[in-house]
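Reminder, nothing fancy here: chain letters follow the sequence lines and each chain counts from 1.
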Amino acid sequence: MRKEYVFVEDLINHVGDEVTLAGWLYNKRSSGKIWFLLLRDGTGLVQGVVSKKEVAEDVFTMKDRITQETSLKVTGVVNTDDRAPGGFELWVKDIQVVQVAEEYPIALKEHGTDFLMDHRHLWIRTPRQNATLRIRHEIVRSIRDFYDNRGFTLVDAPIFTPSVCEGTTTLFETEYFGSKAYLTQSGQLYMEAAAMAFGKVYCFGPTFRAEKSKTRRHLTEFWMVEPEVAYANLDDNMDLAEEFVEYIVQRVLTKKKEELEILERDTSSLEKVQQPFPRISYDEAVAILKNNQVDFADGADFGGTDETVISKQFDRPVMVHRYPAAIKAFYMKEDPKDSTKALCVDMLAPEGYGEIIGGGQREDDLTVLRRKIEQHNLPEEAFKWYLDLRRYGSVPHSGFGLGIERTVAWLCGLQHVRETIPFPRTMYRNYP
RNA sequence: UCCGGCGUAGCUCAAUCGGCAGAGCGGGUGGCUGUUAACCACUAGGUUGUAGGUUCGAGUCCUACCGCCGGAGCCA
């Protein structure tokens, strides 16, 4: 990768050696005839000690020339020292400046979110943001490993779609060679086709919602993983969902301890995320709301505060199944025991983080599905290919979608999903 | 789209009843041999979001607009 420079994360293998690190100046402190620099290289932070009697004059006076975020290469001997942040420090012999940074806008002080988001391209250099995005990466890796290790085939869904998927949410419209195209809000319908071809599949990509949502749980562009399994019923689907979420959480707990510490995440609640997860019906969830004196209209969908009240009854994610069919998408299969209910499931994360999974068993009967499309005032023409799946060897099948950003926010203990994605897109932000 | 809140130095915020626009950080200058968002001294830095209005006098009160934040709806 690069032979000349050692990464901070590898210093543990170089104690006593003279090495050269390449990075950026995070901070400096001086005390007359000795000064300290904090070097950041993306893999960690290390303190360099510059002593007047041990370096050349021009190296010692470097402190007056280098500014925050100046790019530089530092050569020195690696030592362990309890006084140094991180436990290691570098006895500096030489410093080579690559570029002296202009006055850096992000001080090592508190800033407002709007200011930081305007400087998101720089903000991601700071420890907390860095830790969050590293955890995001671990979550993405664990998702891929989970499905790849279980024989799922990755099938990418298109971003441009010819028409509405669900008919409920507002889509971003774009010009497509003289006709209209829409940015996808879900790859699910395509995964249903893929499941009939590959048995068990998943897609993982960005999705887009043009809803004018202004909450801590919404972005206009977000990432979703959507598995779909042929011959799987609702119970199979819930089994998969809980095994999946347990896997992600435990992977992050074991592999990203340092990052969770940087974020000061209390992990005791995450350690409890183990199978089995509680499963309650919509009707049972409504009963919980009523017992907690929540004013709730029967048959309605749950709002953010409703979800919080429900999830606070449990110490791990809770799966709520069999919502009223009327408030769910057309493709949800009717419960054969109660046609007013749908064989769907939402998973609510603990600590008020809300819905992270939505899915269920799909309607596999051609006649019922056509009726649903008509009832939802959707153009049957647009779903011709989708209906074909019910004509040529239709089978029961199920799947769900997990929102990456909400999952990252939950595991990191963040108040807002906007910090869980490198460059968030919200109703009011399309910069940088 | 609706409801609520906030816009003061590069950044984070103060400014009492409407009465001289201030501090910390960051910048600059100087000091300090173990600092941990170091510290100490000095210093520069302002169209108080925009446009009107009330008043002897507006950062402060009123109106409209703009921007952002939080919530609702909708959803992952």
Side-chain angles (χ1 to χ4, degrees), chain A residues 26-38 45-54 60 63-64 67-69 79 81-87 89 91 101-119 122-123 126-128 165-171 184-188 206-226 241 300-307 327-329 346-349 353-359 400-410 415-418 420-421 426-429:
Chain A
Y26 180 69
N27 197 9
K28 60 179 179 181
R29 294 180 274 270
S30 69
S31 184
K33 298 193 175 63
I34 189 171
W35 61 281
F36 305 87
L37 60 86
L38 274 175
L45 206 56
V46 69
Q47 171 165 281
V49 185
V50 189
S51 172
K52 189 177 175 73
K53 60 184 180 189
E54 297 196 19
F60 188 76
K63 129 181 117 59
D64 300 322
T67 55
Q68 189 186 358
E69 287 302 316
N79 280 304
D81 194 310
D82 290 342
R83 291 172 294 185
E89 69 180 12
W91 278 89
E102 293 178 25
E103 190 180 331
Y104 194 63
I106 302 179
L108 300 177
K109 276 279 179 182
E110 285 174 24
H111 293 280
T113 309
D114 191 42
F115 173 82
L116 289 168
M117 276 300 175
D118 279 339
H119 298 85
L122 304 175
W123 191 22
T126 61
R128 279 187 64 90
C165 261
E166 307 187 6
T168 51
T169 48
T170 317
L171 301 178
T184 184
Q185 61 177 332
S186 164
Q188 184 210 313
T207 48
F208 307 88
R209 304 277 166 94
E211 286 291 338
K212 294 185 174 177
S213 297
K214 285 190 59 172
T215 79
R216 66 184 67 193
R217 300 185 305 280
H218 290 87
L219 299 168
T220 55
E221 179 182 313
F222 66 98
W223 286 64
M224 223 175 12
V225 56
E226 295 174 276
D301 207 347
F302 301 128
T305 47
D306 301 327
E307 288 179 353
I327 57 171
K328 285 291 174 182
D346 284 358
M347 187 188 289
L348 309 180
Y353 280 95
E355 183 183 345
I356 53 169
I357 277 180
F400 60 83
L402 173 129
I404 303 305
E405 288 73 19
R406 287 185 183 178
T407 304
V408 178
W410 167 40
Q415 285 305 302
H416 204 300
V417 293
R418 68 191 156 200
T420 66
I421 187 167
T426 65
M427 188 179 160
Y428 292 120
R429 180 168 294 281

- Message: Quick check for you: among B/G34, B/A76, B/G70, whose closest atom lies nearest to any side-chain atom of A/Phe36?
- Response: B/G34

- Task: Using the P atoms only, state how far B/G70 lies from B/C65, rounded to an integer number of Å.
- Result: 23 Å

- Note on the structure: Per atom distances to the A/Ser30 side chain, the nearest of B/C32, B/A76, B/C74 is B/C32

- According to the Watson-Crick and G-U wobble definitions, with both distances under 3.5 Å, which nucleotide is paired to B/G4? B/C69

- Item | N or O in side chain of A/Lys212 less than 4.0 angstrom from B/U1 OP1/OP2 | yes

- Task: Can you tell me, in whole Å, how much space there is between the P of B/G57 and that of B/G5?
- Result: 29 Å

- Closest listed nucleotide, where the reference is the side chain of A/Val49 and the choices are B/G34, B/G70, B/C75: B/G34

- Item | Pairwise side-chain contact, A/Phe222 with A/Arg406, heavy-atom cut-off 4.5 Å (strictly under) | no

- Query: Does A/Leu219 reach the side chain of A/Glu405, with side-chain heavy atoms less than 4.5 Å apart?
  - Reply: yes

- Considering only atom P, compute the distance from B/G10 to B/U47 and round it to an integer number of Å. 7 Å

- Message: If you go through the side-chain atoms of A/Thr113, does one of them form a donor-acceptor pair with the base of B/C69 closer than 3.5 Å?
- Response: no

- B/C20 versus B/G59 - spacing of their C1' atoms, nearest Å: 14 Å

- Query: Within the modelled atom types, does a donor on one side and an acceptor on the other bring the side chain of A/Glu89 and the base of B/G34 under 3.5 Å apart?
  - Reply: yes

- Message: From NE2 of A/His111 over to P of B/C13, roughly how many Å is that when rounded to an integer?
- Response: 11 Å

- Item | Whole-Å gap separating C1' (B/G45) and CD (A/Glu103) | 11 Å

- Message: Would you say that A/Thr67 contacts A/Lys28 through its side chain, given a criterion of any heavy-atom pair below 4.5 Å between the two side chains?
- Response: no

- Select base, sugar-phosphate, or nothing to describe what A/Ile357 touches, counting heavy atoms under 4.0 Å on all strands. sugar-phosphate

- Nearest to the side chain of A/Met224, which nucleotide is it out of B/U33, B/C75, B/A76? B/A76

- Task: Would you check if A/Thr113 and A/Arg418 make a side-chain contact, meaning some heavy-atom pair closer than 4.5 Å?
- Result: yes

- Item | Atom P, compared across B/C61 and B/U8: separation rounded to whole Å | 15 Å

- Would you classify A/Trp91 as touching base, sugar-phosphate or nothing, given that sugar-phosphate means primed atoms plus P, OP1 and OP2, and contacts are heavy atoms under 4.0 Å? base

- Note on the structure: Paired to B/U50 by Watson-Crick or G-U wobble criteria (both distances under 3.5 Å) is B/A64

- Query: In whole angstrom, what separates A/Asp301's CG from B/A72's P?
  - Reply: 13 Å

- Counting any heavy atom closer than 4.0 Å, what does A/His416 reach on the DNA or RNA strands: base, sugar-phosphate only, or nothing? sugar-phosphate

- Item | Nucleotide paired to B/C13 in any strand shown, Watson-Crick or G-U, under 3.5 Å | B/G22

- Query: Any idea which of B/U35, B/A76, B/C11 is nearest the A/Phe115 side chain?
  - Reply: B/C11

- Taking CG from A/Leu38 and C1' from B/G34, how many angstroms apart are they, rounded to a whole number? 13 Å

- Measure from CH2 on A/Trp35 to P on B/G31 and round the result to the nearest Å. 16 Å

- Message: Within the 4.0 Å heavy-atom criterion, would you say A/Lys52 contacts the bases, only the backbone, or no part of the nucleic acid?
- Response: nothing

- Message: So for A/Thr215 and B/C75, does any side-chain atom that can act as donor or acceptor lie under 3.5 Å from a complementary atom in the base?
- Response: no

- Of the candidate nucleotides B/G26, B/U33, B/C69, which contains the atom at the shortest distance from the side chain of A/Ala107? B/G26

- Same-atom distance (C1') from B/A15 to B/A72, integer angstrom: 35 Å

- Task: Kindly compute the distance separating OG1 (A/Thr220) from CD (A/Glu211), expressed to the nearest 0.5 Å.
- Result: 11.5 Å

- Message: Heavy-atom nearest nucleotide on RNA chain B for A/Asp81 versus A/Tyr104: which residue maps closer to 5'?
- Response: A/Tyr104

- Please work out whether the ring planes of A/His119 and A/Phe115 are parallel, tilted or perpendicular, with thresholds of 30° and 60°. tilted

- Hey, is the main chain of A/Gly187 close enough, under 3.5 Å, to the side chain of A/Glu226 for a donor-acceptor pair? yes

- Check the distance between B/U33's P and A/Lys63's NZ and give it to me in whole angstrom. 11 Å

- Note on the structure: In Watson-Crick or G-U wobble terms, with both distances under 3.5 Å, the base opposite B/C39 is B/G31

- Message: Using whole Å, what does the distance between atom C1' of nucleotide B/U35 and atom CZ of A/Arg29 come to?
- Response: 5 Å

- Whole Å only: how far is the CG atom of A/Leu37 from the C1' atom of B/U33? 16 Å

- Item | Euclidean distance for P, B/C17 against B/U60 (whole angstrom) | 15 Å

- Starting at the 5' end of RNA chain B, which residue's closest nucleotide do you reach first, A/Ile356 or A/Tyr428? A/Tyr428

- Message: Quick check for you: among B/U1, B/G34, B/C75, whose closest atom lies nearest to any side-chain atom of A/Gln47?
- Response: B/G34

- Query: Under the rule syn = chi within 90° of 0, otherwise anti, which is B/C32?
  - Reply: anti

- Message: Return the CE to CG distance between A/Met347 and A/Leu402, rounded to the nearest 0.5 Å.
- Response: 8.0 Å

- Message: So A/Gly354, base contact, sugar-phosphate only, or nothing? Heavy-atom distance under 4.0 Å.
- Response: nothing

- Answer with base, sugar-phosphate or nothing: what part of the nucleic acid does A/Arg429 contact at a heavy-atom distance below 4.0 Å? nothing

- Note on the structure: Taken to the nearest 0.5 Å, the spacing of A/Arg128 CZ from A/Leu116 CG works out to 11.5 Å

- Would you please confirm or rule out a distance under 4.0 Å between OP1 or OP2 of B/G71 and any side-chain N or O of A/Arg216? yes

- Query: Any side-chain N or O of A/Arg217 under 4.0 Å from OP1/OP2 of B/G73?
  - Reply: no

- Message: Determine whether a donor-acceptor pair (one donor, one acceptor, N or O, separation below 3.5 Å) exists between the side chain of A/Arg406 and the base of B/C75.
- Response: yes

- Message: Taking only the P atom of each, what is the distance from B/G53 to B/G67 in whole angstrom?
- Response: 24 Å

